[in-house]
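This report refers to the structure that appears directly beneath it.
Below, all heavy atoms of this structure are taken into account, side chains as well, without hydrogens, waters or symmetry copies.
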Amino acid sequence: QVQLVESGGGLVQAGDSLRLSCAASGLTFSSYVMGWFRQAPGKEREFVAAVTGSSISLGYAESVKGRFIIFRDNAKNTVYLQMNSLKVEDTAVYYCAAATRSSVVRRNPEYWGQGTQVTVSS
C-alpha cells in the first residue's frame with residue numbers, strides 16, 4: 001500500500017531554518033504530483049506548496065513565498081520542504097500528500113502522510 005512518511009519537524013526559534021522530508025513507498029513516485037500542507041491549531045488544513053513529477057513548481061501559498069522551497073529527488077522517492085526565515089505563525093503540523101494530477105493536488109490529493117509537528121518559538 002501507499003505510504004508517505006514525514007520527518008524533520010521539531011522546535012526551532014523564529015528566523016531559523018528547517019528541512020522536512022517525506023519518503024514515499026508503494027507508488028511510482030515520479031508519476032505523482034507531491035504537495036505539502038499544514039494545519040495550525042484551531043485552523044483548517046491549508047496548501048503550502050506542490051511540485052510535479054518532473055520537478056516543475058505548482059506554486060506556493062502567499063504566506064510562504066520567498067521563504068519555503070519544495071523539491072524532490074525521484075531517485076530517493078522523497079520530497080522535501082526547505083523552510084527558511086521561520087515565523088511563529090508557521091507553527092503547525094505539516095503533511096505531505098500525493099496526487100495523480102496537478103489539477104487535484106491543492107484540493108483533493110489521493111494520499112496523505114501522518115504529519116510532522118513544526119513549532120517556531122519567538
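Closest non-hydrogen pair, Val64 versus Val48, comes out as CG2-O, 3.9 Å. Thr52 and Ser102 make their closest contact through CG2-OG, 4.0 Å (heavy atoms, listed as atom of the first residue, atom of the second, distance). Residues Val79 and Trp36 come closest through the heavy atom pair O-CZ2, 3.7 Å.
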Between side-chain atoms of residues 17-34 and protein atoms elsewhere (two or more places apart, or another chain), which donor-acceptor pairs fall under 3.5 Å?
residue: Ser17; atom: OG; partner: Asn84; partner atom: OD1; Å: 3.0
residue: Arg19; atom: NE; partner: Gln82; partner atom: OE1; Å: 2.7
residue: Arg19; atom: NH2; partner: Gln82; partner atom: OE1; Å: 3.2

Let me check something: any side-chain donor-acceptor pairs from residues 85-98 under 3.5 Å, sequence neighbours excluded? List them with distances.
residue: Asp90; atom: OD1; partner: Arg38; partner atom: NH1; Å: 2.9
residue: Asp90; atom: OD1; partner: Arg67; partner atom: NH2; Å: 3.0
residue: Asp90; atom: OD2; partner: Arg67; partner atom: NH1; Å: 2.7
residue: Asp90; atom: OD2; partner: Arg67; partner atom: NH2; Å: 3.4
residue: Asp90; atom: OD2; partner: Lys87; partner atom: N; Å: 2.7
residue: Thr91; atom: OG1; partner: Val88; partner atom: O; Å: 2.9
residue: Thr91; atom: OG1; partner: Val120; partner atom: N; Å: 2.9
residue: Thr91; atom: OG1; partner: Val120; partner atom: O; Å: 3.4
residue: Tyr94; atom: OH; partner: Arg38; partner atom: NH1; Å: 2.9
residue: Tyr94; atom: OH; partner: Asp90; partner atom: O; Å: 2.6

Given the rule in the side-chain contact (heavy atoms from CB on, under 4.5 Å) test, do Leu58 and Val51 qualify, once you have shown the distances and angles that lead to the verdict? CA-CA 5 Å; Leu58 293 173; Val51 64; 6.0 Å; no

Report the C-alpha separation of Arg106 and Val104 in whole Å, then their side-chain angles, then the decisive distance to 0.1 Å, and conclude whether the side-chain contact (heavy atoms from CB on, under 4.5 Å) test is met. CA-CA 6 Å; Arg106 291 193 183 215; Val104 303; over 6 Å; no

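Residues passing the ring-ring contact (aromatic ring centres under 6.0 Å, His included) test with Tyr80, sequence neighbours excluded: Phe71. In this structure Thr100 satisfies the side-chain hydrogen bond (donor to acceptor under 3.5 Å, both in side chains) test together with Glu110, sequence neighbours excluded.
Annotation: ring-ring contact (aromatic ring centres under 6.0 Å, His included) contacts involving residues 37-67, sequence neighbours excluded, comprise Phe37-Phe47, Phe37-Trp112. Sorted by first and then second residue, the salt bridge (Lys or Arg N to Asp or Glu O under 4.0 Å) pairs with a member in residues 71-81 form an empty list; sequence neighbours excluded.
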